[in-house]
Amino acid sequence: MHRPDDEHLVELAARLGRDDPRFARALGSGRPARPREYRRTGAWCTLGVAVTLLTAGMAMPEGILVAAGLVLAGIAVPMFDPHRDRPPR
């Protein structure tokens with residue numbers, strides 16, 4: 001017998017598969033992965049480049065390296081917020 005709850009579960013599974021296919025595949029295989037909101041590899045890479053530029057700019061007195069490092073740090077920090085894609089309330 002087909003129940004309305006089954007339809008909701010199928011719809012939810014389909015939406016999860018569209019939103020984050022990697023997470024859906026991992027969940028189906030029994031080895032869950034982090035959802036997209038909590039993957040921060042790009043943020044860490046950007047922050048690492050920013051710190052490298054800041055350090056190099058201070059070691060060699062180059063204002064452009066310091067400025068580039070500060071701009072990249074300003075870009076990287078908001079990337080750590082897991083809810084950055086949600087509209088504010």
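Below, all heavy atoms of this structure are taken into account, side chains as well, without hydrogens, waters or symmetry copies.
- Considering every non-hydrogen atom in both L53 and A68, the closest pair reads CD1-CB, 4.0 Å.
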Please set out all donor-acceptor pairs under 3.5 angstrom arising from side-chain atoms of residues 42-52, sequence neighbours excluded.
| residue | atom | partner | partner atom | Å |
| --- | --- | --- | --- | --- |
| T46 | OG1 | G42 | O | 2.8 |
| T52 | OG1 | G48 | O | 2.8 |

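- Contact detail for P78 and G74: the closest heavy-atom pair is CD-O, 3.1 Å.
- Within the structure, ring-ring contact (aromatic ring centres under 6.0 Å, His included) contacts touching residues 50-70 (residues at least two apart or in different chains) do not occur.
- Here V66 sits in one hydrophobic cluster together with L54, M58, L70; the rule is ILVMFWY side chains under 4.5 Å apart, joined directly or through other members.
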